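Remarks on the structure that follows.
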Amino acid sequence: EVQLVESGGALVQPGGSLTLSCATSGFTFSYYGMGWVRQAPGKELEWVSVINSGGRTTRYTDSVKGRFVISRDKAKSTLYLQMHSLQPEDTAVYYCVRYLSDSSVFTVGRELTYDYRGHGTQVTVSS
């Protein structure tokens, strides 16, 4: 059974930092592209960042470029999202997702074509 379990969400002040983790099981982690998507209250699901199966290719949505860093640890089968200079607009539930193919990582517009998604972790940026 494929499992994606996010952790690390919290309440943080504007300008602060946070690292999210996604522990995975039930599949060979190194075979799949992975990513993070988020959903803010009252808004549509939005992709945040993607990383290919080998970990060498990453992309970020414009609003987080230069502030967020996605990474993966093959030995731990874990995906990470380092978030810096957090802003109130980053408030959302963050979900870890898996892609069937690296094409979803490489192709603009396919970032929401994942096959599995975790239950999410809440990030709230507020003073």
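If you're wondering where the values come from, they're calculated on a predicted model, not measured in any experiment.
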Show the atom names and distances, to 0.1 Å, of all donor-acceptor pairs under 3.5 Å that link a side chain in residues 40-54 to residues at least two apart or in another chain.
| from | atom 1 | to | atom 2 | distance (Å) |
| --- | --- | --- | --- | --- |
| Glu46 | OE1 | Arg38 | NE | 2.8 |
| Glu46 | OE1 | Arg38 | NH2 | 3.2 |
| Ser49 | OG | Arg59 | O | 3.0 |
| Asn52 | OD1 | Gly55 | N | 3.1 |
| Asn52 | OD1 | Arg56 | N | 2.9 |
| Asn52 | OD1 | Thr57 | N | 2.8 |
| Ser53 | OG | Asp102 | OD2 | 2.7 |

Could you report the tightest heavy-atom contact between [X] and [Y], atom names first, then the distance?
X: Met83; Y: Tyr94; result: SD-CE2, 4.0 Å
X: Thr24; Y: Ser77; result: OG1-O, 2.7 Å
X: Glu111; Y: Thr107; result: OE2-O, 3.8 Å

Under 4.5 Å between any side-chain heavy atoms of [X] and [Y], yes or no?
X: Val93; Y: Thr121; result: no
X: Gln3; Y: Ser25; result: yes
X: Leu18; Y: Val123; result: yes
X: Leu20; Y: Tyr95; result: no
X: Phe68; Y: Leu81; result: yes

Value rounded to 0.5 Å, distance of CG in Asp73 from SG in Cys22:
12.5 Å
Which value, rounded to the nearest 0.5 Å, describes the distance between Leu86 atom CG and Ser126 atom OG?
12.0 Å
Do any side-chain atoms of residues 27-35 form donor-acceptor pairs under 3.5 angstrom with protein atoms, and if so which ones, sequence neighbours left out?
none

Quick check against the 3.5 Å criterion: does [X] have a side-chain atom that pairs as donor or acceptor with the backbone of [Y]?
X: Trp36; Y: Tyr80; value: yes
X: Glu6; Y: Cys96; value: yes
X: Thr91; Y: Glu89; value: no
X: Arg110; Y: Phe106; value: no

Is it possible for you to say whether [X] and [Y] belong to one hydrophobic cluster, with membership spreading through side-chain heavy-atom contacts below 4.5 Å?
X: Leu79; Y: Leu100; result: yes
X: Tyr60; Y: Val37; result: no
X: Tyr116; Y: Ile70; result: yes
X: Leu112; Y: Val97; result: yes

Only counting residues at least two apart or in another chain, list the ones meeting side-chain hydrogen bond (donor to acceptor under 3.5 Å, both in side chains) with [X].
X: Arg98; answer: Asp115
X: Ser17; answer: His84
X: Gln122; answer: Thr124
X: Tyr114; answer: Arg117

